[in-house]
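Lettering of chains follows the sequences in order, A, B, ..., and the numbering in each one begins at 1. Because the structure is predicted, anything quoted here is derived from the model rather than measured. Only heavy atoms go into these numbers, but all of them, side chains included; no hydrogens, no water, no symmetry mates.
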There are 2 protein chains.
Amino acid sequence: MLSKSSKYAIRAVLYLALHSSVEKKYSPIEIADAIDIPAPFLAKILQSLTKDDIISSIRGRNGGFYLTKKNKKNPLILVVNSIDGLHKFHECLLGLPVCSDENPCPIHHAVSPFKKQLEAELSNKSIDTLSKEVSEGKTHIFL
Amino acid sequence: MLSKSSKYAIRAVLYLALHSSVEKKYSPIEIADAIDIPAPFLAKILQSLTKDDIISSIRGRNGGFYLTKKNKKNPLILVVNSIDGLHKFHECLLGLPVCSDENPCPIHHAVSPFKKQLEAELSNKSIDTLSKEVSEGKTHIFL
DNA sequence: AAAATTTAAGATAAAATTATCTTCATAATT
DNA sequence: AATTATGAAGATAATTTTATCTTAAATTTT
């Protein structure tokens with residue numbers, strides 16, 4: 001459903017939301033080490049997110065990746081949208097080109113409500129909110 | 001979430017459930033044409049399903065693939081299990097090695113009920129039942 | 001201004017998935 | 001028995017995704 005890139009991206013963004021600020025920036029290597037994913041691959045993902053203004057970066061000495069307050073207020077779904085595109089949430093689980101409430105595939109009604117709920121969840125909850133659940137120990141991004 | 005192989009497999013099996021019998025067998029080409037997927041790839045998938053005794057085949061002249069009554073009584077999840085393995089339903093959507101009700105990832109609670117219901121749906125409904133919904137026009141495997 | 005450090009960008013490589021092809025074995029028909 | 005039609009099996013190829021590497025540009029520190 002989600003590409004590895006999106007999965008890595010979500011975890012990295014939440015990591016940055018938890019730990020970074022304008023004063024404390026992170027290199028791809030630091031983040032990759034912390035959440036156990038390949039660093040050069042993550043670097044590419046972070047670049048892409050930066051271009052879409054979902055995370056922030058400063059280059060040169062003492063540079064790195066970080067999240068501004070504004071960045072943190074964005075819904076997490078922007079991350080998925082940037083990497084995979086939102087169509088991932090709308091695609092038929094059986095790969096049928098036509099699959100809707102009117103013309104459902106055999107498992108549509110078991111799948112559809114949850115795609116909607118997941119999309120809503122990611123659209124309504126900000127990066128900030130979700131990262132706070134991590135800092136409170138309710139959820140995790142590493143274990 | 002599901003591989004293309006699994007998606008093709010589900011549709012092909014439901015197609016066979018709808019149309020085939022010991023008297024009326026189908027070649028991979030016929031099925032592939034009917035549901036618009038690549039025939040040689042489907043041939044491989046059908047062979048694999050045959051080995052796992054989820055569908056039936058007879059080779060040689062007038063041979064082909066078909067479903068016995070027994071085959072049709074199986075739950076559809078056997079198809080996914082045979083091709084992808086059931087772990088597909090149990091994996092964390094963020095790819096975390098540990099993700100459970102006790103140790104949830106940030107989107108676990110939005111995802112978990114969905115995976116459970118979908119797995120239940122595929123486990124409880126037989127190939128026969130689901131194919132009947134197709135023949136009644138309630139769902140479709142091609143459009 | 002030079003050196004050091006860090007992201008940006010583009011090229012390349014490896015791995016996994018999807019797709020095809022070729023040869024072989026089997027069964028029915030003639 | 002020969003021919004024909006069909007699935008089985010294994011080899012190969014194409015594509016996509018994932019991962020890495022190299023060079024360039026930018027910024028800070030010295």
Side-chain angles (χ1 to χ4, degrees), chain A residues 1-12 16 20 22-33 35-68 80 82-85 87-88 91 94-95, chain B residues 1-12 16 20 22-33 35-67 71 80 82-85 87-88 91 94-95:
Chain A
M1 187 156 184
L2 298 182
S3 67
K4 257 188 179 177
S5 297
S6 266
K7 295 173 184 179
Y8 291 163
I10 288 174
R11 293 170 60 204
L16 285 176
S20 79
V22 198
E23 296 86 33
K24 176 67 182 155
K25 308 181 198 72
Y26 285 84
S27 72
I29 295 172
E30 290 174 301
I31 305 168
D33 280 355
I35 61 178
D36 195 31
I37 63 180
F41 191 40
L42 175 63
K44 278 300 181 193
I45 294 168
L46 295 176
Q47 279 176 29
S48 172
L49 292 172
T50 302
K51 221 187 303 184
D52 278 5
D53 203 33
I54 291 163
I55 67 177
S56 304
S57 75
I58 288 181
R59 49 179 169 182
R61 199 162 178 164
N62 297 333
F65 295 94
Y66 66 102
L67 263 62
T68 63
V80 179
S82 167
I83 306 285
D84 281 345
H87 61 272
K88 285 267 173 171
E91 278 168 356
L94 291 188
Chain B
M1 189 158 186
L2 298 182
S3 68
K4 259 189 179 177
S5 297
S6 265
K7 295 173 183 179
Y8 291 164
I10 289 174
R11 294 170 60 203
L16 285 176
S20 79
V22 197
E23 296 85 32
K24 176 67 181 152
K25 308 181 198 72
Y26 285 86
S27 71
I29 295 172
E30 288 174 302
I31 304 168
D33 280 356
I35 62 179
D36 196 30
I37 64 179
F41 191 41
L42 175 62
K44 279 298 180 193
I45 294 168
L46 295 176
Q47 279 176 30
S48 172
L49 291 172
T50 302
K51 220 187 304 185
D52 279 4
D53 203 33
I54 292 164
I55 66 176
S56 305
S57 75
I58 288 181
R59 48 180 171 182
R61 199 162 179 165
N62 297 333
F65 295 93
Y66 66 101
L67 263 62
N71 290 148
V80 179
S82 167
I83 305 286
D84 281 344
H87 61 271
K88 285 268 175 174
E91 277 168 356
L94 292 188

Study note, to complete from the structure: Residues B:A32 and B:P38: closest non-hydrogen pair is CB-C, 4.2 Å

**Study point:** OP1 or OP2 of C:dT6 under 4.0 Å from side-chain N/O of A:S57
**Key:** no

Revision key, fill the gap. In B/S/- notation (B base, S sugar-phosphate only, - none; protein heavy atoms under 4.0 Å), nucleotides 17-23 of chain C written 5' to 3' is -SBB---

Point to revise | Least distance between heavy atoms, B:F65 atom then B:S20 atom | key: O-CB, 4.3 Å

**Study point:** Interatomic distance where CD belongs to A:Q47 and C1' belongs to C:dA11 [whole Å]
**Key:** 13 Å

Point to revise | Closest approach of B:L42 to B:A12 (non-hydrogen atoms, all atoms of both residues) | key: CD1-CB, 3.7 Å

Practice item. For DNA chain C, find the residues of residues 25-32 of chain A with a heavy-atom distance under 4.0 Å and give them by number; none if there aren't any. Key: A:Y26, A:S27, A:P28

Review point. To the nearest Å, how far apart are B:I55 CD1 and D:dA8 C1'?
Key: 12 Å

**Study point:** A:D84 (side chain) donor-acceptor with A:S3 (main chain) under 3.5 angstrom
**Key:** yes

Exercise for review: Quick one: do B:I83 and B:D52 satisfy side-chain contact (heavy atoms from CB on, under 4.5 Å)? Show the steps, please.
Suggested key: CA-CA 10 Å; B:I83 305 286; B:D52 279 4; over 6 Å; no

Review point. Which letter, B, S or -, goes with each nucleotide of nucleotides 25-30 of chain C from 5' to 3', with contact meaning a protein heavy atom under 4.0 Å?
Key: -BBBS-

Check your understanding: Can you tell me if A:T50 uses its side chain to pair, donor with acceptor, with the backbone of A:L46 under 3.5 Å?
Key -> yes

**Study point:** Flag side-chain contact, heavy atom, 4.5 Å: B:I37 against B:I31
**Key:** no

